[in-house]
Amino acid sequence: CAVALDEGIEIDYVQFLIRERGLTPPADGRGRSRWPWPMAIRTFGGFRVEQRSGVGSPLSGKPLDLLKAMVGCNGGNRIDEGELAALLWPRKDVEYARRSLTTTLHRLRKVIGEDRAVLLRHGRLSIARDLCRVDLDALDEVLIDIDALYGPHTSADTAVALAAKVLDVYQGPFMDGEAQAEFVTVRERVHNRVLGALDQLARVC
C-alpha cells in the first residue's frame with residue numbers, strides 16, 4: 001500500500017483499504033505523504049488539528065491546550081508529565097496540576113476517539129505516530145533527504161523539487177502566535193534549519 005501511494009497508483013482505493021484494515025504506515029517513511037491519517041497536526045503558520053471525518057470530536061479547551069503543549073515543547077515525543085502539568089497550570093501546586101493533567105489526558109483521548117493516540121509511558125507523554133501525522137515529522141523527513149542528496153552531483157531539478165517539498169510543509173513560523181518561551185525556542189531552531197537547507201539547495205541551483 002505504501003509503495004502504491006508513493007507511485008500514485010489507485011490512491012483512493014489504497015487509502016480505503018488502509019482505513020478498512022486498520023493498517024499502520026511502515027517505519028521507513030514510505031507512503032506517509034498520502035497516508036489516510038485519522039488525525040493530522042499542523043504547526044507551521046499557526047496550530048491546527050485536522051481530524052478525518054467520522055473520527056473523534058472537535059478539540060477545544062484544556063484538551064486542545066494539552067495537545068498544543070505536547071507538540072510545542074518537543075514535537076509531541078516523550079514529554080515529561082510534570083513539565084506539562086507545570087506549563088498548563090503554572091499557578092497551582094504540583095499535586096493539583098498532576099491531577100488536572102490526568103483528567104485532561106482522559107478527556108483528550110475521549111475527544112480524539114482513540115485511547116492509543118496519546119501514550120503515557122514511564123511518566124512521559126507521546127503522540128502515537130502511527131495514528132497522527134505531525135508536520136514537524138514531515139519537515140524532518142525532507143531535511144534528511146536534503147542532507148543525503150546534497151553534494152556536487154545533485155542536479156538543479158532535484159534541488160528545486162526538494163525546495164518545493166520544504167515550502168509545502170513549512171508554511172509559516174512554528175506555532176505562530178504562541179508566545180511561550182518553550183515554543184519560541186523550537187520556532188527559532190526550526191526556522192534556522194529551514195534557512196540552512198534552502199541555502200544548500202540554492203547553492204546547487
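Position 1 is the first residue of the sequence; numbering continues from there. This one's a predicted model, so the numbers in the text were calculated from it and none came from an experiment.
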Polar side-chain atom of D115 near backbone of R109 as donor-acceptor pair, under 3.5 Å:
no
Flag if over 12 foreign heavy atoms under 6.0 Å of CZ, R78:
no
At what distance, to the nearest 0.5 angstrom, does CG of L84 lie from CG of L101?
6.0 Å
R42 side chain to A40 backbone, donor-acceptor under 3.5 Å
no
Short question: side chain of N77, backbone of S126 - any donor-acceptor pair under 3.5 Å?
no
Straight-line distance of Q200 CD to I146 CD1, nearest 0.5 Å
7.0 Å
From T43 atom OG1 to R48 atom CZ, the distance as rounded to the nearest 0.5 Å
8.0 Å
Spacing of L67 atom CG and T104 atom OG1 [to the nearest 0.5 Å]
12.0 Å
Could you grab the distance from atom CG of L66 to atom CZ of R107, nearest 0.5 Å is fine?
10.0 Å
Between V184 and F44, is there shared hydrophobic-cluster membership here, with clusters defined by ILVMFWY side-chain heavy atoms closer than 4.5 Å?
no
Nearest heavy atoms of G31 and L5, plus distance in Å
O-CD1, 3.7 Å
Find out whether V190 and L136 are in side-chain contact, i.e. whether some heavy atom of one side chain is under 4.5 Å from a heavy atom of the other.
yes
Contact check, side chains of C73 and E83, non-hydrogen atoms, under 4.5 Å:
yes
Connected via hydrophobic side-chain network under 4.5 Å: L119 and L108:
no
Is there a path of hydrophobic side-chain contacts, each under 4.5 Å between heavy atoms of I, L, V, M, F, W or Y residues, that connects V94 with L87?
no
Under 6.0 Å from the NZ atom of K165, do we count more than 12 heavy atoms belonging to anything else shown?
no
Sequence neighbours excluded - side chain to side chain donor-acceptor pair (under 3.5 Å) pairs with any residue from residues 170-190:
K68-E178, Y170-H191
Can you tell me if CD on E50 sees more than 12 non-hydrogen neighbours from other groups inside 6.0 Å?
yes
With a 3.5 Å distance limit and no angle check, can you tell me whether E81 reaches the backbone of L125 through a side-chain donor-acceptor pair?
no
Applying salt bridge (charged side-chain N to carboxylate O under 4.0 Å, His left out) as the test, list every pair that has at least one member in residues 120-134; sequence neighbours left out.
R116-D130, R129-D137, R133-E141
Could you report the tightest heavy-atom contact between W35 and L23, atom names first, then the distance?
CZ2-O, 3.7 Å
Report whether I127 and V169 are members of the same hydrophobic cluster (ILVMFWY, side-chain heavy atoms less than 4.5 Å apart, transitive linking).
yes
Correct closest heavy-atom pair for P25 and W37 would be CG-CH2, 3.5 Å
Contact summary for C1 and L17, nearest pair of heavy atoms
SG-CD2, 3.8 Å
At their closest point, which heavy atom of A156 faces which heavy atom of C205, and how far apart are they?
O-SG, 4.0 Å
Can you check side-chain contact (heavy atoms from CB on, under 4.5 Å) on D199 and R203, steps first, answer last?
CA-CA 6 Å; D199 180 66; R203 290 175 186 274; 2.9 Å; yes
Below 4.5 Å, heavy atoms only, C-beta onward: do R193 and D140 meet side chain to side chain?
yes
Is the closest side-chain heavy-atom distance between L167 and L198 below 4.5 Å?
yes
Output the distance between atom CG (D65) and atom OG (S60), rounded to the nearest 0.5 Å.
9.5 Å
Minimum heavy-atom separation for G75 to V134, with atom names?
O-CG1, 4.5 Å
Report whether V3 and Y13 are members of the same hydrophobic cluster (ILVMFWY, side-chain heavy atoms less than 4.5 Å apart, transitive linking).
no
